[in-house]
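Side-chain atoms are counted along with the backbone in the values below, which use heavy atoms only and exclude waters and symmetry mates.
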Amino acid sequence: FHTSSPSLTGHVEDSTEVTLTIDDNAVAIDNGEFSLQLALQEGVNSIPVKAVDAAGNQSIVNLTYVLDTIEPQLAITSPTASHSNSSAVLVQGTVNDANLEEVIVNGVTAVVSGTNFSAEISLDEGSHTITVVARDKAGNSVQTEKALVVDLTTPTLSQISPIDGTWTKDSLITVTGDISEPDVQVTVAGAVATVTAQTFSVQVSLPIEGENSLPIVATDLAGNTTTIHLRLNRDTNAPVLNVADLPEYTNADTIVISGTVEDAAFQSLKVNGNDIPLVGSSFSTTLSLLEGNNDISIVAEDIAGNIADF
């Protein structure tokens, strides 16, 4: 029972007058029928019912009633996160009630073991409320809820800068890019990026000369992850520029400038500001000279921005 004062009714049959006591209280009999409002205490109540006829014959029935006015104690312990990347969600928790009848999770009957319960439910992508109801045998019930967002979509990365395959002479470089959704953590080579309005930025080091592969990892609140690898080439070596010997004095009005440039990431060669092509690693060009002193500038540059000049 979950009420302390239920009514006890019954029927007595005997050819003589009968005296009836319930829990040692005299109870009136009207045409064989009796009724008494009980006063139960919380817990187990043992109530003797005794009927005695005029000849002294007696009949005793011992009744047991459980008064339970206390609702079950209920708590959800899992999931603890606010987001999940699985549509199959295992809901677990604790429940405490000596007279427990059932625990229901979003309409699914949970498995109860001791004071623990668990139930696996299926949720579509989107926002949900997990509702857990515990009910005891007396009809007392309690309900608790947990908000959960099911997110099955992985974040995407775009507009990565610098672009894949970039050459640089710097040992520190800033990597930026865009993310497809809010509340995403981004790391680049393990360094946590600053994210503002779905754009991330972080400065990372290029530890080795040559190609550095930097993993960029985006993780949303549900644990969905996307990983891409950004390849950046670190080149701190200037081109090797060799120029054939030039005379200090000449009576000619032209001079041939020739030599070689060695660099795996060669980009340009300029002689007095003019682009000069390489044939293999060699170059040659003819300059016009003015009477008097003539300044000659030869500059070789690689893709990383390293410069060798003459």
Side-chain angles (χ1 to χ4, degrees), residues 72-96 102-135 141-166 173-206 212-232:
Q73 296 177 339
L74 179 65
I76 298 173
T77 60
S78 178
T80 57
S82 60
H83 289 65
S84 172
N85 61 4
S86 174
S87 58
V89 178
L90 180 63
V91 181
Q92 296 175 308
T94 59
V95 61
N96 196 347
E102 62 182 0
V103 176
I104 305 296
V105 181
N106 280 33
V108 176
T109 300
V111 176
V112 179
S113 177
T115 58
N116 299 310
F117 73 86
S118 65
E120 186 171 289
I121 61 175
S122 180
L123 299 176
D124 296 330
E125 188 162 19
S127 299
H128 299 273
T129 299
I130 299 173
T131 303
V132 181
V133 178
R135 185 177 295 105
S141 65
V142 64
Q143 176 176 307
T144 188
E145 296 178 343
K146 163 72 178 178
L148 184 69
V149 176
V150 175
D151 179 4
L152 308 178
T153 304
T154 58
T156 58
L157 296 161
S158 61
Q159 304 298 317
I160 305 300
S161 177
I163 63 172
D164 189 57
T166 292
I173 194 165
T174 298
V175 179
T176 63
D178 294 340
I179 320 162
S180 60
E181 58 185 86
D183 301 318
V184 173
Q185 183 188 71
V186 178
T187 62
V188 180
V192 178
T194 299
V195 179
T196 305
Q198 294 180 223
T199 295
F200 72 89
S201 177
V202 64
Q203 188 178 66
V204 296
S205 64
L206 302 180
N212 292 261
S213 182
L214 308 180
I216 304 177
V217 181
T219 306
D220 65 18
L221 291 176
N224 299 301
T225 62
T226 296
T227 301
I228 64 174
H229 287 84
L230 176 63
R231 296 168 300 165
L232 299 179

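- Side-chain atoms of Pro79 and Ile130, non-hydrogen and from C-beta on, do get closer than 4.5 Å to each other.
- Rounding to the nearest 0.5 Å gives a distance of 7.0 Å between CG of Leu157 and CD1 of Ile179.
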Q) Would Val188 and Leu230 satisfy side-chain contact (heavy atoms from CB on, under 4.5 Å), going step by step from the backbone distance to the final call? A) CA-CA 9 Å; Val188 180; Leu230 176 63; 5.8 Å; no

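- Taking Asp164 as the reference, Arg231 meet the salt bridge (Lys or Arg N to Asp or Glu O under 4.0 Å) condition, with sequence neighbours excluded.
- In terms of heavy atoms, Thr176 sits closest to Ser201 at CG2-OG, 3.6 Å.
- Residues Thr156 and Thr226 fail the side-chain proximity criterion, which asks for heavy atoms closer than 4.5 Å.
- Remark: Glu102 pairs with Arg135 by the salt bridge (Lys or Arg N to Asp or Glu O under 4.0 Å) rule, at least two apart or across chains.
- With a 4.5 Å cut-off on side-chain heavy atoms, Glu181 and Asp151 count as touching.
- Here Asn106 contributes atom CG and Ile121 contributes atom CD1; the two are 4.0 Å apart, rounded to the nearest 0.5 Å.
- Two residues are said to be in side-chain contact when any heavy atoms from C-beta on lie closer than 4.5 Å; Leu221 and Val149 fail this criterion.
- Without hydrogens or angle criteria, Gln143 side chain to Val133 main chain gives no donor-acceptor distance under 3.5 Å.
- Taking CG of Asn116 as the start and CG of Asn96 as the end, the distance is 10.5 Å to the nearest 0.5 Å.
- Here the CD-OG distance, from Gln198 to Ser180, works out to 7.0 Å after rounding to the nearest 0.5 Å.
- Going from atom OG1 of Thr166 over to atom CG of Asn212 covers 12.0 Å, rounded to the nearest 0.5 Å.
- Heavy-atom minimum distance, Ala119 versus Val108: CB-CG1, 4.4 Å.
- Put simply, CD1 on Ile76 and CZ on Phe117 are 6.0 Å apart, with the number rounded to the nearest 0.5 Å.
- Shortest non-hydrogen contact noted between Thr80 and Lys146 is O-NZ, 3.2 Å.
- Between Val186 and Val202 there is no side-chain heavy-atom pair separated by less than 4.5 Å.
- Taking each heavy atom of Val150 and His128 in turn, the nearest pair found is CG2-CD2, 4.0 Å.
- Contact annotation: the side chain of Phe200 approaches that of Ile160 to within less than 4.5 Å [non-hydrogen atoms, C-beta and beyond].
- Closest non-hydrogen pair, Ala191 versus Val204, comes out as CB-CG1, 4.1 Å.
- In terms of heavy-atom proximity, Asn85 sits nearest to Leu152 at O-CD2, 3.4 Å.
- Taking Ser78 as the reference, Gln92 meet the side chain to side chain contact (heavy atoms under 4.5 Å, CB included) condition, with sequence neighbours excluded.
- In the model, Asp178 has a side-chain atom that pairs as donor or acceptor with a side-chain atom of Thr199 under 3.5 Å.
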Q | Candidate pair Val195 and Val184, rule side-chain contact (heavy atoms from CB on, under 4.5 Å), full reasoning | A | CA-CA 8 Å; Val195 179; Val184 173; 5.9 Å; no

